Amino acid sequence: MKVVIAGGSGALGQRIAQDLIGRGHDVVVLSRSATPVRWGRHVHWDGRTVEAGWASELAGAALLNLCGELVFRRATPANIALLTSSRTEPTRALARACADLDQPIPVLLQMSTLAIYGDAGETVLDESAPPADGPPQMAGVARAWEDAAAQIPAERRVTLRTGIVFDPGTPAFDRLTGFVRWGLGGAMGSGRQWISWLHVDDMCAIVRFCLDDPSLSGVVHATSPHPVRNTELMSTLRRSLRRPVGLPSPAPLVHVGSVFLRADPALALSGRRGVPKKLIEAGFVFAHPELESAVIDLIAA
């Protein structure tokens, strides 16, 4: 299969590209960077203008849309606008390019996030759950991204709303393990917020599964079947890193610390209890369904 990954030069895109190439697929990476990617055939685009050079790569190819700036930034109007435009502008360019093809692309995998449900408290969220009205970062950004992707013509469409993908060397995992190593591995805020998470190997497997299974369409949750509370996440990280003690971070401290880290405190203080109902019903088998074994595997990598 030929797979075009838009925005595939980042850590997750390269992980997925490497995985697909290792299974014999032809992978094309659309990137705004002039630096060639390690995995996949690099094709430059500006993320705004439809040009024959990159647009022709879409013919007959599956498309995985990963475009977008990293979310680890303050929730200012300027940053929210950047997070939104960095997702919607490339997606609209993809829609225009796909509309010019003789036939619709066979399958679109559109990346999104479980943060579209906002701070959902104790509610168990499967794919039938309605998106939240806010906050603008990230629920509002995710809704705008999905709305833009709805304009891409495709024979089959899958919207992957993901939990936090754990992978060494990425901001989410490195910050969490960094807090533990610095002695701040206690609960964040109340510690009761639900964390929907996913081992990167399972993320790659879910992409393959969605490409191959014609029965899957619409919203699909890409997350472990066992979300955990923040207290369990942090205690698991402490055990795996052999840090028996970790100071808690009350909500006021998280707000202060987020200023220095230039991050949105809601990333640590809000939560979602997502479950992958469609994947389980379709027969997908997680390699790392339990947090403890997943973290041990990732730290050992």
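Note that the structure is predicted; figures quoted are calculated from it, not measured. For the single chain, residues carry numbers from 1 onward in sequence order.
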Show your working on side-chain contact (heavy atoms from CB on, under 4.5 Å) between T84 and Q137 and close with a plain yes or no.
CA-CA 9 Å; T84 303; Q137 179 174 312; over 6 Å; no

Decide side-chain contact (heavy atoms from CB on, under 4.5 Å) for L114 and L125; before the verdict, give the C-alpha distance in whole Å, the side-chain angles of both, and the deciding distance to 0.1 Å.
CA-CA 9 Å; L114 290 176; L125 303 166; 5.9 Å; no

One pair to check against side-chain contact (heavy atoms from CB on, under 4.5 Å): I195 and I164. What are the steps and the verdict?
CA-CA 8 Å; I195 308 299; I164 303 171; 3.9 Å; yes

Check the pair R239 / T236 against side-chain hydrogen bond (donor to acceptor under 3.5 Å, both in side chains), numbers first and verdict last.
CA-CA 5 Å; R239 286 194 303 274; T236 300; 3.3 Å; yes

Could you walk me through whether D26 and V3 pass the side-chain contact (heavy atoms from CB on, under 4.5 Å) check?
CA-CA 6 Å; D26 175 21; V3 183; over 6 Å; no

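I5 is not listed as a side-chain neighbour of V28, based on a closest heavy-atom distance of 4.5 Å or more. R74 is listed as a side-chain neighbour of S258, based on a closest heavy-atom distance under 4.5 Å. Side chains of V158 and L108 form no contact here, defined as non-hydrogen atoms less than 4.5 Å apart. In this structure the side chain of I296 never reaches within 4.5 angstrom of the side chain of L298, judged on heavy atoms. The shortest side-chain heavy-atom distance between L63 and L109 does not fall under the 4.5 Å cut-off. Using a 4.5 Å heavy-atom cutoff, the side chains of T91 and I152 are in contact. Residues N230 and R192 are not in side-chain contact: their nearest non-hydrogen atoms beyond the backbone lie 4.5 Å or more apart. Taking the side chain as every heavy atom from C-beta outward, L253 and P250 approach each other to under 4.5 Å.
Taking the six-membered ring where tryptophan is involved, the planes of W197 and F166 are essentially parallel, since the angle between them stays under 30° and well short of 60°. Ring geometry, W182 versus F179: the interplanar angle exceeds 60°, so the pair is classed perpendicular (tilted spans 30 to 60°).
Pairing each heavy atom of C98 with each of L58, the nearest pair is SG-CD1, 3.9 Å. Across L216 and C210, no two heavy atoms sit closer than the pair CD1-SG, 4.0 Å. Taking both residues in full, the closest heavy atoms of L241 and R181 are given as CD2-NH2, 3.3 Å, listed atom of the first, atom of the second, then distance. Taking each heavy atom of A129 and Y117 in turn, the nearest pair found is O-CE2, 3.3 Å. Nearest heavy-atom pair, I80 versus A75, reported as atom, atom and distance to 0.1 Å: CD1-O, 4.0 Å. L279 and A222 get closest at one heavy-atom pair: CD1-CA, 4.5 Å.
Atom CZ of R262 sits about 11.5 Å away from atom OG1 of T76, to the nearest 0.5 Å. Taken from OG in S270 to CE in M188, the straight-line distance is 12.0 Å, to the nearest 0.5 Å. Considering CG of L198 and CG of L291, their distance stands at 11.5 Å, rounded to 0.5 Å. The distance from the CZ atom of R96 to the CZ atom of R48 is 10.5 Å, given to the nearest 0.5 Å. Rounding to the nearest 0.5 Å places CG of L160 at 5.5 Å from CE of M111. Here the CZ atom belonging to R273 is positioned 9.0 Å from the OG1 atom belonging to T123, to the nearest 0.5 angstrom.
S196 contributes a side-chain N or O that, together with a main-chain N or O of R272, makes up a donor-acceptor pair within less than 3.5 Å. The closest donor-acceptor contact from the side chain of R238 to the backbone of G185 lies under 3.5 Å. Without hydrogens or angle criteria, K277 side chain to V220 main chain gives no donor-acceptor distance under 3.5 Å. At least one donor-acceptor pair closer than 3.5 Å links the side chain of Q14 to the backbone N or O of W39. A donor-acceptor pair under 3.5 Å is formed between the side chain of R156 and the backbone N or O of D213. Remark: the backbone N or O of H221 is paired with a side-chain donor or acceptor of E127 at under 3.5 angstrom. In this structure, the side chain of D46 engages the main chain of T49 through a donor-acceptor pair within 3.5 Å. In this structure, the side chain of S86 engages the main chain of L83 through a donor-acceptor pair within 3.5 Å. Of the possible donor and acceptor atoms, none in the side chain of Q193 sits under 3.5 Å from a partner among the backbone N and O of G121. Listed for the K278 side chain is no donor-acceptor partner under 3.5 Å among the backbone atoms of D126.
V29 and V50 sit in two unconnected hydrophobic clusters of ILVMFWY residues. Membership requires side-chain heavy atoms under 4.5 Å apart, directly or through other members. Linking ILVMFWY side-chain heavy atoms closer than 4.5 Å, directly or via other members, places F286 and V295 in a single hydrophobic cluster. With hydrophobic clusters built from ILVMFWY side chains whose heavy atoms lie under 4.5 angstrom apart, L233 shares a cluster with I299. Grouping the Ile, Leu, Val, Met, Phe, Trp and Tyr side chains by contacts below 4.5 angstrom, directly or via other members, places V27 apart from V4. In the hydrophobic cluster analysis, where Ile, Leu, Val, Met, Phe, Trp and Tyr join through side-chain heavy atoms closer than 4.5 angstrom, L211 is grouped together with F284.
Using a cutoff of 4.0 Å between basic side-chain nitrogens and carboxylate oxygens, R15 and D167 are scored as salt-bridged. Using a cutoff of 4.0 Å between basic side-chain nitrogens and carboxylate oxygens, E69 and R87 are not scored as salt-bridged.
Side-chain atoms of S224 and D202 include no donor-acceptor pair closer than 3.5 Å. Looking at D297 and H199, their side chains do bring a donor and an acceptor atom within 3.5 Å of each other. In summary, the side chains of W45 and S31 do not present any donor paired with an acceptor at a separation below 3.5 Å, with no hydrogens or angles considered.
Counted within 6.0 Å of CZ on R38, heavy atoms from surrounding residues, nucleotides or ligands total 12 or fewer; the atom is thus considered open.
Partner S112 forms a side-chain hydrogen bond (donor to acceptor under 3.5 Å, both in side chains) with one of R143, E146, R161 and no other, that one being E146. The residue from L30, T35, V37 that alone fulfils the side chain to side chain contact (heavy atoms under 4.5 Å, CB included) condition with H42 is V37.
Within the structure, every pair that satisfies the salt bridge (charged side-chain N to carboxylate O under 4.0 Å, His left out) test and touches residues 217-233, not counting sequence neighbours, is listed here: E122-R229.
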